Colleague: 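One structure is given below, represented as structure tokens, and several questions about it will come after.
It should be emphasised that the depicted structure is a prediction, and the values quoted were computed from it without experimental measurement. We name chains A, B, ... by the order of the sequence lines, and we start the count at 1 in each one.
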Amino acid sequence: MSNRSDRQIITTNGETNTSLKDAGIPDDAAKDLLMKMLLIRTFEEKAEELFSLGRVHGTMHLSIGQEATAVGAATALRRGDYLLNTHRGHGHCLAWFDTNPDLMMAEFMGKETGYCRGRGGSMHIANVDANNLGANGIVAGGVPIAIGVGLSIKMRKTDQVCMVVFGDGGANEGAVHESLNMASIWNLPVIYLVENNQYAMSMPFTRAFNIPEISQRAAAYNIHGVTVDGNDLAAVYVAVRDAAERARAGEGPTLIEAVTYRWRGHSKSDKQAYRTRDEVKEWQAQDPIRRFAHVLGLTDAQLDALRQQAAERIEAAVAFAEASPEPEVSRITEGVYA
Amino acid sequence: MSNRSDRQIITTNGETNTSLKDAGIPDDAAKDLLMKMLLIRTFEEKAEELFSLGRVHGTMHLSIGQEATAVGAATALRRGDYLLNTHRGHGHCLAWFDTNPDLMMAEFMGKETGYCRGRGGSMHIANVDANNLGANGIVAGGVPIAIGVGLSIKMRKTDQVCMVVFGDGGANEGAVHESLNMASIWNLPVIYLVENNQYAMSMPFTRAFNIPEISQRAAAYNIHGVTVDGNDLAAVYVAVRDAAERARAGEGPTLIEAVTYRWRGHSKSDKQAYRTRDEVKEWQAQDPIRRFAHVLGLTDAQLDALRQQAAERIEAAVAFAEASPEPEVSRITEGVYA
Amino acid sequence: MREITYVEAVREALRQAMAADDRIFLIGEDIGVYGGAFGATAGLIQDFGAERVIDTPISEAGITGACIGAALTGMRPVGEIQFMDFITLSMEQLVLQAAKIRFMFGGKASVPMVLRTPAGSGTGAAAQHSESLENWFVHIPGLKVVMPSSPYDVKGLLLAALQDENPVIFIEHKLLYKTKGPVPEEMYTIPLGQSNVVRPGKDLTVVATSIMVNRAVEAANKLAEEGLDVEVVDPRTLSPLDDSVIIESVKKTGRAMVVHEAVKTSGFGAEVVARLNESEAFDYLEAPVRRVAGLDIPIPYNRNLEYHAVPQVETIATEARKLIRGEY
Amino acid sequence: MREITYVEAVREALRQAMAADDRIFLIGEDIGVYGGAFGATAGLIQDFGAERVIDTPISEAGITGACIGAALTGMRPVGEIQFMDFITLSMEQLVLQAAKIRFMFGGKASVPMVLRTPAGSGTGAAAQHSESLENWFVHIPGLKVVMPSSPYDVKGLLLAALQDENPVIFIEHKLLYKTKGPVPEEMYTIPLGQSNVVRPGKDLTVVATSIMVNRAVEAANKLAEEGLDVEVVDPRTLSPLDDSVIIESVKKTGRAMVVHEAVKTSGFGAEVVARLNESEAFDYLEAPVRRVAGLDIPIPYNRNLEYHAVPQVETIATEARKLIRGEY
Ligand SMILES: Cc1ncc(C[n+]2csc(CCOP(=O)(O)OP(=O)(O)O)c2C)c(N)n1
Ligand SMILES: Cc1ncc(C[n+]2csc(CCOP(=O)(O)OP(=O)(O)O)c2C)c(N)n1
Ligand SMILES: [Mg+2]
Ligand SMILES: [Mg+2]
């Protein structure tokens, strides 16, 4: 048993990055990964801007600062695997297979051309054709669903895996307990990725938990548990890759805790009275994008050039979205039933 | 942390009983405890008889074979402490403070004189005056409620504790996860007593769990966890007494797993296709009542005499119940609102 | 025609559907060797194995999520919630996920799952094992709600539900399981969303659901001896509700009564009353539509109280008589 | 009189009640330093400390259970469910425990708790953050359901709920939080179970709940310019429902309309229609009672679709006009 729940701890100290060679990530591929992180960062910065300009309504949850977890995780999986995403899901969605930023931005802006025809919005973006089963407005809402995806994979006898993402806050929902137990007793090919970004809205991880690492809970179900530096792309990549290998080999689920930090407020209406500017600054010093650029040995100029490329791609997405039609009110009742 | 979740394992081998001296149970008191177990056994044997004679309707869940857990646990607590009980709760109810078998039997038979005026029945017997907050028809239904009782104790600054009982099956409900976590982070005076009687209806413990002991889950919340021989009254007594002491000292909750066995079917409609007669026989050989009588050095004749006394008390309860009036239909809508 | 019980009809539908479509599997508590709390799945694990008849831990939210995830990825799950009361633990997954996923995803996904659950009182199991919560689900767009009253209907409706692309809440009744009736051996479907005139009559329309259909028919037969001619309509599918049959019936009889076991306040009966008011039947109403339903109380344990908590044949007959004779 | 906002009135009621009764405490997600998702509890943790303003992990069933256990043992808990949608995770504790404990225990226990939660759409948060599920709870005996529409009412009703011995579901509306109105500074209560004539009129009775009361009054003022005189009745407490005021009003006006944001099918409007049918008001009805409610769809994200998913002032005015003019 103990061997099934041994935990490799990787420090969040920005200096100690997992080397790409150890991770088995070829340098040329690495550049694309950096680009993906930049795409996420610029998508969300643009989303923020559009929101403050009043060009989108509602609310949104930005994952700025958490890009390494999203890109590291998706990169370790295969086209055909499944994703169950969270309310803070722009990053995972953009990092996932075949995602088109145009359709994402169109959905974000509530347009008919969006992934969900403007019916879902930021918290519900899905691309079912690519087995991206959607973001979820309900904390841990996708976690029980992962049981069914895992069962379905087993029954269809494919070698797919299902990755379900949730937050530190979500980890305390009862449904997570039921899901982890069922995945364990049935040995399901499910990867539970907990993004521990230190807060659930205003609730600090340290007050919502009486344990130092969420991955310790894996032992309660006798499954693999591991805590990794969520700001170290290669570290996340390794953890998810290993979990996927085990899952495909019929060795069941893994609980991965990616330790990271939310740079922005929880949502647009957050005054952040629950944390200090200094704390935010400290974590920003570990910017996963700069860290990865550092690993790739890029100069600031080179990084800025890439950032510029990303920004252009996102501008194109905004242009596409703005040129897209609004949903027709006459079709408002469509899509309730099949 | 480790010291908070160290687990003393006590074998279920019938020969190794915890000595009363070690447990600090005086011999004279011990005799009353044996009597309590006999009262439970005879109450349930009578309940079974009344049911088969068609004199009660509905269903019931018998705890025959689990008496040591009920009596050992209640004995370790104080008048004024709280009990949240299960659907298989006759034993805990009879073992609790100030319980009157007459009113219990009357409730079981649906009479106006019953604890719940015949509205609740076997699955809902409560004696709120004695802080027995009731049995529960919902598996683990009392577990979230325990959080509130614990909070209330803390806020009222009393030295009470709350014991919530649930089964191995109940332990896999999501609400248990939420409750254990909240009790841990708030350090609540709650004792979680899991009666692992090897089955949840037809589901064997070994198939519903991928861990050898439920008490291991205490570590997921950094609380005390212990597994004891649920058929060894003194062992249960010691575990609950220690948990209560810690709780009163402000050291928070404990998860106690009492390993025992359900002799009867799950309910009256159980063909028991999921287990063998031999397995049942093996466990019956560890009859907690005989084991305790053995510890007390009683002869069979002496034990039978006590059994006779218990039977007479239960007969009196039946007589009281049968002489009691039925609830009046004209008062059917009473008690919905205060 | 061959007669079998309601529970046998459920089992036969499941067996035939599983044999015909290997995407279908069953998941729930004690549905394997135990055969289900009421025997609905008895023997199926022997026929189809533990991979397709899956016993679960006691985790209702997990069971529901398992159905949703499997349905989203090409399977046809049939979940069992052992008692309808426990569906209270599945509400988030059912209402916020299963019912809304298709709409939220712009119509680009579907969740073809069936959640079977037994409702109703009369078993002496008291307030936490006797719920009739169907109207909650009728209130949720995206869900279909089926409530069969006979062995024939339960087989045909279950087979139809298993072919439906939407999440279907399939509500059986504990006291109906042992009732017998003619049921074809072959597979057949009763389309969801078709009300059924169970007994024709001209003096009064009684719209009844689940076990109340049987009680309404019994009451109608009694009243027939008094020369009163009652029509009994069984919606069978509460959502989507086929009110055309009900409206036509009321236009003919001029009087209507709704009967259900669930508590009266904000129960399904209110929706039927409102539909009739909004329909052309309103002008044909010679008296206000009456609701005959469960008392606004939890189900009591005591057998006699339990009996009086929900409509019985006598209740229905008395109310119907009054309504026809204009004694209000 | 001093004017404050709806959310300030909620906060003032909580602050005054907590100062007066130390059995009262607050428990929920982000209600402390954050002040609640909509600011309802802002500043209370500073005044009363973390022992009486308890931030919880994200565990809605746990929050609800915490309220029940505390209420059973002498406290007066006020739980907050951050969005009404998430109450789907509390259903077992609310419906099978809180609502039934008193009855199941023969009337020998009580569960004096208040569960506050914001409902409704209009914030662009889409289908999982816009639910209006009040009618589920009206269907559950043992629960009380309150839905205040003004700053004055929300303070008086919340103070009354805090004195009630029963579990009360207290439903606020996100779009009402910023609305202003006159509110006395001192403590006062509005008894639960009293409907309120918000605007007198003689041509039509509009029964509206929560934010629809404001929209109905606005619509009525428009129609006044056309010489149409609409009476608006706000039940305020949906359970127990004081239908006497509604019935009297309809006997006077001869016409009735129910307006709510929740989806129409099996919504609270149906119950009002049924109550009117069963009452003496039926004979005064010159036209069938109309329901104006949310479309039978999940709330869409797109702002324009969201706007059209629920009744707006124009919708109410148009329907009222038709009803008065007999244009159906
Ligand atoms: C069941 C449920 N409860 C509460 C909320 C409101 N809410 C949305 S996000 C959030 C915090 C989630 O924290 P965490 O799981 O750590 O994810 P993060 O936002 O930090 O990425 C809360 C309380 C919700 N959406 N669903
Ligand atoms: C939420 C819920 N799910 C299912 C049931 C039906 N049920 C009643 S007892 C039981 C088995 C409980 O097993 P366990 O918790 O081990 O207690 P035991 O019966 O063994 O004492 C089940 C499935 C229930 N009452 N409540
Ligand atoms: Mg977080
Ligand atoms: Mg058990």
Side-chain angles (χ1 to χ4, degrees), chain A residues 82 84 107 112 114-121 123-129 131 133-138 140-156 158 160 162 164 173-183 185-186 188 190 327 331 333-338, chain C residues 22-25 27 50-52 54-77 79 89-90 92-93 95-113 140-144 164-168 192-193 239-240:
Chain A
Y82 292 100
L84 288 159
E107 187 55 37
E112 181 68 25
Y115 270 120
C116 305
R117 300 183 54 205
R119 272 70 172 173
M123 274 193 285
H124 303 293
I125 304 178
N127 180 13
V128 177
D129 295 339
N131 289 354
L133 301 181
N136 208 309
I138 300 306
V143 179
I145 297 174
I147 303 163
V149 178
L151 273 174
S152 155
I153 292 170
K154 259 187 111 167
M155 288 188 267
R156 289 183 286 105
T158 69
Q160 297 162 289
C162 172
V164 57
E173 284 284 5
V176 173
H177 174 61
E178 299 186 4
S179 184
L180 287 168
N181 186 59
M182 285 168 145
I185 60 174
W186 296 330
L188 302 180
V190 178
R331 304 178 65 178
T333 59
E334 281 180 7
V336 178
Y337 290 97
Chain C
D22 55 21
R23 296 171 307 169
I24 298 174
F25 70 94
I27 183 164
E51 297 67 32
R52 291 181 68 191
I54 303 173
D55 275 323
T56 69
I58 308 176
S59 305
E60 287 76 10
I63 291 166
T64 312
C67 290
I68 297 169
L72 273 172
T73 55
M75 304 299 289
R76 295 271 167 167
L89 289 157
S90 304
E92 183 277 319
Q93 286 289 300
V95 172
L96 302 185
Q97 310 294 338
K100 294 179 169 54
I101 281 174
R102 182 178 182 79
F103 185 87
M104 292 190 303
F105 291 3
K108 296 177 183 173
S110 59
V111 185
M113 61 179 273
I140 302 302
L143 298 178
K144 293 190 176 183
D164 201 275
E165 293 297 324
N166 303 287
V168 179
L192 304 190
S239 176

Colleague: Is chain C contacted by the side chain of A:Asn136, its backbone, both, or neither, given a heavy-atom distance below 4.5 Å?
Modeller: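 Side chain only.
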
Colleague: Below 4.5 Å from any heavy atom of chain A, which atoms of C:Gln93 appear? Answer side chain, backbone, both or neither.
Modeller: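 Only the side chain of C:Gln93 comes within 4.5 Å of chain A.
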
Colleague: Distance check, rounded to the nearest 0.5 Å: C:Ile63 atom CD1 versus A:Glu178 atom CD?
Modeller: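 C:Ile63 CD1 to A:Glu178 CD: 8.0 Å, rounded to 0.5 Å.
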
Colleague: Compare every heavy atom of A:Tyr337 with every heavy atom of C:Ser239, then report the nearest pair and how far apart it is.
Modeller: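 Of all heavy-atom pairs spanning C:Ser239 and A:Tyr337, the closest is OG-OH, 3.8 Å.
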
Colleague: Verify side-chain contact (heavy atoms from CB on, under 4.5 Å) between A:Trp186 and C:Ile54, making sure each step is shown before the conclusion.
Modeller: CA-CA 10 Å; A:Trp186 296 330; C:Ile54 303 173; 3.5 Å; yes

Colleague: Measuring heavy-atom distances to chain A, does C:Leu143 have an atom under 4.5 Å in its side chain, in its backbone, in both, or in neither?
Modeller: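 Backbone of C:Leu143 only, per the 4.5 Å heavy-atom cut-off to chain A.
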
Colleague: At what distance, to the nearest 0.5 angstrom, does CG of A:Asn181 lie from OG1 of C:Thr56?
Modeller: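 Those atoms lie 10.0 Å apart.
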
Colleague: Counting heavy-atom pairs closer than 4.5 Å to chain A, which one of C:Arg102, C:Lys144, C:Glu165 comes out on top?
Modeller: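 Most pairs with chain A among the choices: C:Arg102.
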
Colleague: Can you measure from CD (C:Glu92) to CD1 (A:Ile138) and round to the nearest 0.5 angstrom?
Modeller: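 Between atom CD of C:Glu92 and atom CD1 of A:Ile138 there are 5.5 Å.
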
Colleague: Return the option, out of C:Arg52, C:Glu51, C:Gln97, with the maximum number of heavy-atom pairs under 4.5 Å with chain A.
Modeller: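 Among C:Arg52, C:Glu51, C:Gln97, the one with the most close pairs to chain A is C:Gln97.
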
Colleague: Of the backbone (N, CA, C, O) and the side chain (C-beta and beyond), which part of A:Tyr115 lies under 4.5 Å from a heavy atom of chain C, both, or neither?
Modeller: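 Only the backbone of A:Tyr115 comes within 4.5 Å of chain C.
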
Colleague: Under a 4.5 Å heavy-atom cut-off, does chain C meet the side chain of A:Leu151, its backbone, both or neither?
Modeller: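 A:Leu151 touches chain C through side-chain heavy atoms alone.
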
Colleague: Among the options A:Gly141, A:Gly120, A:Ala126, pick out the one with the most heavy-atom pairs lying under 4.5 Å from chain C.
Modeller: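 Option with the greatest count: A:Gly141.
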
Colleague: Could you state the interatomic distance from CD1 (C:Ile68) to CG (A:Leu133), rounded to the nearest 0.5 Å?
Modeller: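 So the gap between those two atoms works out to 11.5 Å.
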
Colleague: Please give me the minimum heavy-atom distance between C:Ala61 and A:Pro144, naming the atom from each residue.
Modeller: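 Answer, listing the atom of C:Ala61 first, then A:Pro144: O-CB, 3.9 Å.
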
Colleague: Strictly distance-based, threshold 3.5 Å: is any side-chain N or O of A:Arg156 a donor or acceptor partner for the main-chain N or O of C:Thr73?
Modeller: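 Yes.
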
Colleague: What are the two closest heavy atoms between C:Pro57 and A:Ile185, and how far apart are they?
Modeller: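 That closest heavy-atom pairing would be CG-CD1, 3.5 Å.
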
Colleague: What is the minimum heavy-atom distance between C:Gly142 and A:Val336, and which atoms define it?
Modeller: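 Residues C:Gly142 and A:Val336, closest heavy atoms: N-CG1, 3.4 Å.
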
Colleague: Is the backbone N or O of A:Val128 less than 3.5 Å from a side-chain atom of C:Lys108, with the two atoms forming a donor-acceptor pair by type?
Modeller: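 No, C:Lys108 side chain to A:Val128 backbone: no donor-acceptor pair under 3.5 Å.
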
Colleague: If I measure from the heavy atoms of chain A, does C:Lys100 come under 4.5 Å with its side chain, its backbone, both, or neither?
Modeller: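 Neither part.
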
Colleague: Report which part of A:Ile153 has an atom under 4.5 Å of a heavy atom belonging to chain C: side chain, backbone, both, or neither.
Modeller: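 Neither; nothing under 4.5 Å.
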
Colleague: What's the spacing between A:Arg117 CZ and C:Phe105 CZ if we round to 0.5 Å?
Modeller: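 Between A:Arg117 CZ and C:Phe105 CZ, I get 14.5 Å after rounding to 0.5 Å.
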
